[in-house]
Amino acid sequence: MVAVKGSFYSSFCKHRGMEGSWNTLPVSRTEVEISTVLSCGQSFRWKQLESDDKAWIGTFSHKVWILKQTDTEIHFKVFQQGMEENGDKLDDEKNRGLLYDYFQLEVSLETLYKEWSKRDERFANLTIQDYRGIRMLDQDCVENVFSFICSSNNNIARISQMVEKLCLHYGVKIAEVEGKTYYDFPTVEKLIGEKVEKKLREEKFGYRAGFIAKTAATIVANGGVNWLENLKNVGYDEARKQLQTLPGIGRKVADCVCLMSLGYSEAIPVDTHMHQIAKKYLPHLAKLKTLTDKSYSEITDYFRALHGDYAGWAHSVLFASTLRHLKKDGVTENKETATTEETVDVNLDKSKNAKSKKSIVEKPTTDSSTKDDKQRRNCTSRESKETIPLRFEQVTQNSQQIRTFASVIRTFLCAVAKV
DNA sequence: TCGAGACCTAAGGA
DNA sequence: ATCCTTAGGTCTC
């Protein structure tokens, strides 16, 4: 065990039930900024600890984790069933490995940023110092599937509540921390049946109740969690196709699952905001009322051509970075919405951005370059040099921040679409 | 292919 | 106060 010392933690550790030891995982904030990663809408289960809002508490790998970050390390503490026998060095090493894998630290964000900046000058120009440390988590695919089924036509606050209810009603207790009981995400089998659907409707899941019970049944019929896990091995297109056979999982949710829990870094979830804004800048899509399968493909193909094999990461990074920008600047209690304007000089070298490159991290690559020429035509029709005004509305509450994603993403797409 | 409408609920704005 | 819209969509015609 590595004891964490110093005043930084003294107040934190003195709380009842917090006497246990801390461990450390060396990592710079350049590679991961946990406060951003844990709150940007990838996982719905992380909360700031009540006794210390600098610390985060959540669950993965059937354990409860408390995480806290310094400039050079993540300090973590683990709670699990059978805590009494816990605490030997072997567990420490194992947990450190689990944390490393959860944050996918084998992927060098610094390397990716460099690559994205080469391909896309807005990456270098926009908020380069602001969006450091934003990366994809490697989440459990069962939890991911059902969490994002809950996400349709919904807001993050309610999605989080629903996920918590699923755990509370159907999950196994893991541990009690600071007087609060934490439950594991339920197994697929637990979510099958009409009783579940009825119960979830009572719990205000709405039409998602049926989707959850039926998807659980379908997964089990297909071979259970192994079938789901095996989608990691069948390639992105096939995995997405298979996921979309599950009730309540359409293109967007399938892409969320592919990106966040199946390891397909090229998957790009296109939500309603992204679409509304994208069609302003991809002219031939503007006439479409709704996001069709075809237009969805065109949008994602475009971003894949621009950002490469980790396009899903790039997209999420920019998405989260803008949210983080809001959080940092707009901390006010009185709901005032000051706006700041800045300009970004978009001076682009078309040929450079259109050039296709290989992945820079060891990972199976998929060939999605067949439409490169078409995308290039679609997206190079504007002037190569423009000044784009960026507007950030400053808000405080999470829900409000989410609400402003439209304006936020405009910032990003505004630039991207004018390549 | 694309468009329209229904689907549950809750919160915020007009 | 009440209606309306929106929130990280999906499914059926």
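So you know, we letter chains A, B, ... as the sequences are listed, proteins then strands, and number each from 1.
Remark: C1' of C/dG9 and CD1 of A/I212 are 14 Å apart, rounded to the nearest angstrom. Following rounding to the nearest Å, A/F148 (CZ) and C/dT10 (P) show an atom-to-atom distance of 11 Å. Whole-Å rounding puts the A/L291 CG to C/dT10 P distance at 9 Å. What separates CG of A/D293 from P of C/dC11 is a distance of 12 Å, to the nearest Å.
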Between the protein and nucleotides 4-10 of chain B, list every N/O to N/O distance that falls short of 3.5 Å.
{"residue": "B/dC8", "atom": "OP1", "partner": "A/R201", "partner atom": "NH2", "Å": "3.0"}
{"residue": "B/dC8", "atom": "O5'", "partner": "A/R201", "partner atom": "NH1", "Å": "3.2"}
{"residue": "B/dC8", "atom": "O5'", "partner": "A/Y207", "partner atom": "N", "Å": "3.4"}
{"residue": "B/dC8", "atom": "O4'", "partner": "A/Y207", "partner atom": "N", "Å": "3.1"}
{"residue": "B/dC8", "atom": "O2", "partner": "A/R158", "partner atom": "NH2", "Å": "3.0"}
{"residue": "B/dC8", "atom": "O2", "partner": "A/R208", "partner atom": "NH1", "Å": "2.7"}
{"residue": "B/dC8", "atom": "N3", "partner": "A/R208", "partner atom": "NH2", "Å": "3.2"}
{"residue": "B/dT9", "atom": "O4'", "partner": "A/R158", "partner atom": "NH1", "Å": "3.3"}
{"residue": "B/dT9", "atom": "O2", "partner": "A/R158", "partner atom": "NH2", "Å": "3.0"}

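Taking atom P on both nucleotides, C/dC4 is separated from B/dG5 by 15 Å, rounded to a whole Å. When the P atom is used for both C/dC11 and B/dA10, the distance is 23 Å, rounded to whole Å. Only the P atoms considered, B/dA4 is 16 Å distant from C/dT5, to the nearest whole Å.
Checking side-chain atoms of A/R208 against main-chain N and O of A/S152 turns up a donor-acceptor pair under 3.5 Å. At least one donor-acceptor pair under 3.5 Å links the side chain of A/K287 to the backbone N or O of A/H284. Between the side chain of A/K165 and the main chain of A/E203, a donor-acceptor pair closer than 3.5 Å is present. Judged by distance alone, the side chain of A/N155 and the main-chain N or O of A/R158 form a donor-acceptor pair under 3.5 Å.
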Exercise. How does DNA chain C look in dot-bracket form if you count Watson-Crick and G-U pairs under 3.5 Å, write [ ] for pairs that cross, and put | where a base pairs with another strand?
Worked result: .||||||.|||||

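The phosphate of B/dC2 (OP1 or OP2) has a side-chain N or O of A/T292 nearer than 4.0 angstrom.
Between A/F60 and A/W65, the distance separating the two ring centers is shorter than 6.0 angstrom.
A donor and an acceptor atom, one from each side chain of A/S295 and A/T292, are located under 3.5 Å apart. With no hydrogens or angles considered, no side-chain donor-acceptor pair links A/Q69 and A/E73 at under 3.5 Å. No donor-acceptor contact under 3.5 angstrom links the side chains of A/D255 and A/Y264, judged on distance only. Using modelled atom types and a 3.5 Å distance limit, the side chains of A/T30 and A/R132 yield no donor-acceptor pair. Checked by atom type, the side-chain pair A/K63/A/N95 shows a donor-acceptor distance below 3.5 Å. A/E115 and A/H307 form no side-chain donor-acceptor contact under 3.5 Å, judged by distance and modelled atom types alone.
A heavy-atom distance below 4.0 Å to DNA chain C is reached by these residues of residues 240-253 of chain A, ordered by number: A/L246, A/P247, A/G248, A/I249, A/G250, A/R251, A/K252, A/V253.
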